[in-house]
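Have a look at the structure below, then the notes.
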Amino acid sequence: MMIQVLDQNTINQIAAGEVIERPAAVVKELVENAIDSGATAVTVEIKEGGIRFIRITDNGCGIRHEEIPLAFERHATSKITGIEDLLRVKSLGFRGEALSSIAAVSQVELITKEAGAILGSRYEIQGGTEMAKEEIGCPDGTTFIVRNLFYNTPARGKFLKTKTTEGNYVNDVVVHFILSHPEIRFKFIWDGRTKIQTSGNGNVKDNIYNQFGADITKALLPIDIEKQGMKVSGFIGKPELSRGTRSFMNYYINGRYIKSPVVQKAIESAYSGFTMTNRFPFTTLFLDIDSSLLDVNVHPSKMEVRFTNQEDVYGLLETGLHEVLKQAVLIPNVTLSDGSERTAKAKKEEKKQIPRPNSPEPFETARIRQEQAENEQTRQEQASSALWSVDQKPMIEQRKHPEPAKVHPIQQYEQQTMPQGELLKEDDSVSFRLIGQVFDTYWLVEWKNELLIIDQHAAHEKVLYEQLIHELDTNHVYSQNLLTPIVLTLTHKEKEVLQTYWETFAKLGFEIDDFGGDEYAIKAVPSHFLHLASRQLFYSILDELLENPMASRYGSITDRCASIACKAAVKGNHTLSFAEAETLFKQMLQAKEPYHCPHGRPTTVSMSKQEFEKKFKRIV
């Protein structure tokens, strides 16, 4: 096999593949250059998804006539001068590969003029070969026109999606720019139609409203925290905005849109207990950090960064976001839709779901399946008795219960302004009235001008969760000895994690003996979870430590453990007495954050008296 040096054209096309994957990548690189040039207005125009035509126009500083050919050389850049500059780079671009990569796989026309210059320049380059260079009259700033992407590398072009899909990728890129740089006027034109236009007034929330609508904007919570020289600002969505995709989790570091496992995990951990599993929040967050603590030179696309202080970044985001969520009023206000609003299709689907005479009742079938899954009535009674017996005595010793936390308000959710005050005060117990139970699961409570609907399972789960958290924080967790120890055989990696966090497991209430070799025996478990599968409980915590290195922080582990309170809580489809329900209601109000169960489901929703009166046409 003969070794040979590749020709420059081949080298350029290979290099282009690392930077330019699709039209959206072209737009990203050229808009970054426009922002670095000091532009205050940028227009992006595409045709056929950007495959055939892309035009980027800005009012930045322009390029000197004599330096234009040099700008298209590989590794030619005005952003850095040496390796030491990489440690403090603040510009969006710096690698000097964008223009050479784009020119290697497309037909590029450049029109540019410096402020104060008499004439501007027009430059044409195709497939890396200069075709024309001349002086012309033109406005200040720079315009790039990119035609026929991958015209000379058809194999690369085959990997592109449809024109609509590629255009949507470009749209996403523009949205990231308008969020990260609200001080710049952006305009996006797609096949002759203006899709996006911003004012450049510097208001991020205005741009969020224009792109995502009023429903999302009215459910945003502002965040502005600063610690250890780092600052986080922007907006996070209330849990009701959670979606089944991470595509609404946007975050920017020093003005750069990036993807970071550390930031992603911190955000998701902050929402733990507020959103359900596999549901992800809406965020538009801006992290300002000393550039010397970042490595932005991880990948040619500059979408990835590394932190030298990743634990500090994780802690700042997780703690800061979690505190904002805890302080917000998170009870959703429900409305009843008018029958006239239903579509014909919805009515048809409704008809399909109504059981016919003499056919099996689907609801009864669901009840039977649930009872089987809950291990019959015995487990339900045990779970229920754990709630109502305040002076319950475990098999070993009297349990200590935490002092009641300060009563927190339950309030209705409004768009921007929310009433303050406690729902239940010691001297105002008549302010609420327990009406009754419906569907053996939900309790109706009248409070002032609100009807509160409480899920008994979610409420009890929250009570158990916060009791355990309090006991963990105050080192008052009690263990319950098992009649028969559980012997486990662990892998080498599992053993290493267990040995590292042996004391943490002890604080959680586990007593574990090392049998030597790969075997360990669990002799005692947390007393809160006597009715749970102890083996499953242990492995769930161990798995969290294996999968998420950041979970080594004690708080994350306790959250994981406490969330399993779901299995110990009184279930739905279980009849409670009025006395039991009232006790549960009062205990829920003493929780620090009574609005959601540990899995993120709401404990309570409300419907206002005004909404009732609207439905009954008492008010218009």
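Worth knowing before you read on, the calculation uses all heavy atoms, side chains too, and leaves out hydrogens, waters and symmetry mates. We're numbering straight along the sequence, starting at 1.
Seen from the ring of F280, R243 does not count as a face-on cation partner, given the 6.0 Å and 45° thresholds. In this structure, K462 is not positioned above the aromatic face of Y595 in the sense of NZ or CZ being under 6.0 Å from the six-membered ring centre and within 45° of the axis.
Remark: the backbone N or O of A34 is paired with a side-chain donor or acceptor of S37 at under 3.5 angstrom. Put simply, the side chain of S106 never gets that close to the backbone of V108: no donor and acceptor are under 3.5 Å apart.
Between G237 and L220, the shortest heavy-atom distance links the atoms CA-CD2, 4.2 Å.
Here H181 and F186 keep their ring centres 6.0 angstrom or further from each other. A centroid separation of less than 6.0 Å is found between the aromatic rings of F212 and F282.
Ion pairing of E166 with K161 is absent here, as no side-chain N (NZ or NE/NH1/NH2) approaches a carboxylate O to less than 4.0 Å. Under a 4.0 Å N-O distance rule, the pair E323/K326 qualifies as a salt bridge.
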* Any chance you could lay out the salt bridge (Lys or Arg N to Asp or Glu O under 4.0 Å) test for K28 and E32, step after step, and finish with the verdict? => CA-CA 6 Å; K28 174 183 176 294; E32 284 182 347; 2.9 Å; yes
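Of the N and O atoms on the side chains of T245 and S247, at least one donor lies less than 3.5 Å from an acceptor on the other residue. When only modelled atom types and interatomic distance are considered, E450 and S608 share no side-chain donor-acceptor pair under 3.5 Å.
Crowding of Y209 atom OH: a count of heavy atoms from other residues, nucleotides or ligands under 6.0 Å not exceeding 12.
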